[in-house]
Amino acid sequence: MEAPNDPERTRTLLPLFPLGTVLFPGLVLPLHVFEPRYRTLVQHLTELPANLPREFGVVAIRRGWEVGRQTESTDASITAGESLSLYEVGCAAEIRQITELPDGRFDLMTVGRRRFRLLGLARNDTPYLTGEVEWLPEPKGDPERESELAAGVLAAYQDYLRAVRADEDGEQLPDDPTVLSHLVAATASLTLEDRQSLLAEPDTVSRLKAERTLLRREATLLGQVRAVPVALADLAVPSSPN
């Protein structure tokens, strides 16, 4: 189901894991899996051939909570039933480590791989949702602005960290503008809507430009209220139950 002459736009079916958080490429997401449908998902992934990635799609919940499985009345929309609405852009999570607990639950260590656009939900016999997705490319945007924006975001983010940390030691931050844009989006204290908007930006330059604006907003807010010092690790995407 490939789009003509554009291998980056390959469409495929991907098991979905709706969460109340946003995952970015390259970022770590630990998960504690206890719900039966997602135990089944993990079991299905462990049964894949060794040469295939064990991945599923993390997509943020826009509204409502996931209930039940798809029925014959569920069409190929991005709304599963009346109570759940999902954002259109998500990120595939690859399982790097699985710990099976005695009672059948799983602790997973996953890493974000690549963004996708959710085109619709597929009908199948699995208890978990499966989506038809289109993989999104990671263009950099205007090369003349990339370095300038990356430097500005890096400086603004370092100022932001100093404002929320108890110590004055700097963090080791990536030089690659795309990696930097994903790290800032995942670790700055932003709303889910802000994070989702950053994930959906079409290219690195657009994401950096939006982050510069958001960091300036956060700096203004921090200047008006007393910040609680936290470490960078504490700002990262938290472990999420299902």
Side-chain angles (χ1 to χ4, degrees), residues 1 11-135 186 191-193 195-196 199 236-242:
M1 296 192 296
R11 295 183 180 186
T12 189
L13 295 179
L14 186 69
L16 300 179
F17 203 135
L19 289 173
T21 191
V22 180
L23 177 64
F24 289 84
L27 273 294
V28 173
L29 177 65
L31 290 169
H32 177 65
V33 179
F34 61 87
E35 193 174 345
R37 76 185 74 183
Y38 296 114
R39 294 189 200 183
T40 301
L41 168 58
V42 174
Q43 291 166 353
H44 286 176
L45 290 175
T46 60
E47 294 168 359
L48 291 174
N51 63 323
L52 294 179
R54 296 175 178 177
E55 64 180 357
F56 52 85
V58 171
V59 58
I61 298 171
R62 183 194 300 270
R63 183 179 61 255
W65 299 97
E66 186 180 3
V67 291
R69 61 181 296 276
Q70 297 135 281
T71 66
E72 291 299 323
S73 63
T74 303
D75 59 14
S77 68
I78 302 178
T79 300
E82 297 180 355
S83 63
L84 179 71
S85 178
L86 304 176
Y87 283 98
E88 293 183 359
V89 177
C91 181
E94 182 176 10
I95 299 176
R96 296 291 179 86
Q97 181 178 332
I98 301 177
T99 302
E100 184 172 3
L101 304 177
D103 61 0
R105 293 174 296 139
F106 295 95
D107 284 331
L108 306 181
M109 187 61 66
T110 73
V111 176
R113 290 193 66 223
R114 47 184 173 167
R115 299 182 306 145
F116 62 81
R117 186 178 305 281
L118 180 58
L119 303 175
L121 299 177
R123 293 192 182 98
N124 55 38
D125 295 328
T126 62
Y128 49 82
L129 294 176
T130 300
E132 181 185 9
V133 306
E134 174 185 65
W135 298 115
T191 66
L192 184 144
E193 290 76 16
R195 293 189 201 278
Q196 183 63 41
L199 181 69
V237 178
S239 174
S240 301
N242 65 83

Side-chain (Thr110) to main-chain (Leu29) donor-acceptor, under 3.5 angstrom: yes

Side-chain donor/acceptor of Gln196 to backbone N/O of Glu88, under 3.5 Å: no

Non-neighbouring partners of Arg105 that pass side-chain hydrogen bond (donor to acceptor under 3.5 Å, both in side chains), sequence neighbours left out: His32, Asp103

Leu31 side chain reached by Phe56 side chain, heavy atoms, under 4.5 Å: yes

Thr130 and its side chain to side chain contact (heavy atoms under 4.5 Å, CB included) partner, picked from Leu121, Leu14, Asn124: Asn124

Heavy-atom side-chain contact between Leu86 and Arg62 under 4.5 Å: no

Side-chain heavy-atom pair Trp135, Arg117 within 4.5 angstrom cut-off: no

Distance (rounded to the nearest 0.5 Å) between Tyr38 OH and Leu108 CG: 12.5 Å

Pairs meeting criterion side chain to side chain donor-acceptor pair (under 3.5 Å) with involvement of residues 39-53, two or more places apart: His44-Tyr128

Heavy-atom side-chain contact between Arg114 and Pro25 under 4.5 Å: no

Cationic N near anionic O, under 4.0 Å, Arg54 to Glu94: no

Distance (rounded to the nearest 0.5 Å) between Leu119 CG and Arg11 CZ: 5.0 Å

Any Ile61 side-chain heavy atom under 4.5 Å of Leu192 side chain: no

Side chain to side chain, Phe106 and Ile98, heavy atoms closer than 4.5 Å: yes

Glu193: salt bridge (Lys or Arg N to Asp or Glu O under 4.0 Å) partners, not counting sequence neighbours: none

